[in-house]
Amino acid sequence: MVRKIYLLSIYDYIMNVEKLFNISNKVVILTGASGFLGQQYSEALSQKNVKIVLADINYQKCKKLEEQLNKKYSNETLSLKLDVGNKKSVQSMVSKTLKKFDQIDGLINNAVFPETVKERSIPLETFPLDILQKIISVNTIGSFLCSQEVGKIMAKKKNGVIVNISSIYGMVAADQRIYGKSGLNSSIGYALTKSSVINLTRYLSSYWGNKGIRVNTLTLGGVEYNQDPEFIKKYSEKTMIGRMAQKDEYVGALVFLLSDASSYMIGSNLIVDGGWTAW
Ligand SMILES: NC(=O)c1ccc[n+]([C@@H]2O[C@H](COP(=O)([O-])OP(=O)(O)OC[C@H]3O[C@@H](n4cnc5c(N)ncnc54)[C@H](O)[C@@H]3O)[C@@H](O)[C@H]2O)c1
């Protein structure tokens, strides 16, 4: 008799795997939606029939992305202009989302301060405080504000998922030797803020864990586009897998974190970095 029940439960589990990854009709806010990886996430979530709020300081790019997605997919989308570092702007995003969709199931804190080659090349000794504050305002305060405003709604419903996007440079220091004269040096602002969201995840998890909100970090390694070949070579040698990531290699992890497949995961950090931080 006991064995029978055991077999039945295994059978049920196998039958529900598809369901575990089902995020169809969930309402998910994606900040920095029109950026390089935001576009990949938007495409993937559209394929999963998610109702996506495309939120970005660059509204025009969001609208364009929305039009492209609407031609290919039947999920609903909403484009919003958002400045993550501005509380009123974040509050407006939440109220417009609720007006259209009446619920918020997920938040992806993906927006990042647009560091140019100029900022990335400033020596630490002279790194200007005003630039550091701008980076903190978007990367750290922005993730906090969006989590605070969206988390309030989720806590009332006792349900929700927040994903904070971090980087290997939030976990370990950027190896200054791989940059050469590429102008791609990773700034102190990026290091400080990307590490801060990892502990933001833990704090929010301990605060809201008993309110049905799961908060996790998704830590990424560098994606190849058309960087300096010497940089790509040096970067690749620092990974166990021997290459940089392709732009679509993070969508699986994101879907996992948004779905019930990760229902026992909270306050954690999912690292997808080709092994960069593992040796
Ligand atoms: N691309 C990579 O190789 C890589 C590697 C590791 C981690 N990441 C992380 O992935 C995330 C996305 O990176 P990406 O390469 O797509 O960056 P991106 O610069 O292409 O996109 C960032 C988006 O954020 C938006 N943004 C900037 N300031 C904003 C603000 N104040 N309010 C709202 N939106 C704002 C920009 O308009 C842009 O669309 C970031 O959090 C980044 O740290 C990226």
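Whatever order the structure lists ligands and atoms in, that order sets their numbers, starting from 1. All values derive from a computational prediction rather than experimental measurement.
- Ring orientation note: the planes of Y235 and W276 are tilted relative to one another, at an angle of 30° to 60°.
- Here S187 pairs with E115, F127, I135, Y190 under the side chain to side chain contact (heavy atoms under 4.5 Å, CB included) rule; sequence neighbours left out.
- Under the 3.5 Å distance criterion, with hydrogens and angles disregarded, no donor-acceptor pair is assigned to the side chains of S143 and N109.
- Using a cutoff of 4.0 Å between basic side-chain nitrogens and carboxylate oxygens, E67 and K71 are not scored as salt-bridged.
- Remark: K234 engages I178, E230 in a side chain to side chain contact (heavy atoms under 4.5 Å, CB included) (not counting sequence neighbours).
- When the side chain to side chain contact (heavy atoms under 4.5 Å, CB included) test is applied to D260, the partners found at least two apart in sequence or on another chain are L20.
- Protein residues are said to neighbour a ligand when one of their heavy atoms lies under 4.0 Å from it; for ligand 1 these are G32, S34, G35, F36, L37, D56, I57, L82, D83, V84, N110, A111, V112, V138, I165, S166, S167, Y190, K194, L220, G221, G222, V223.
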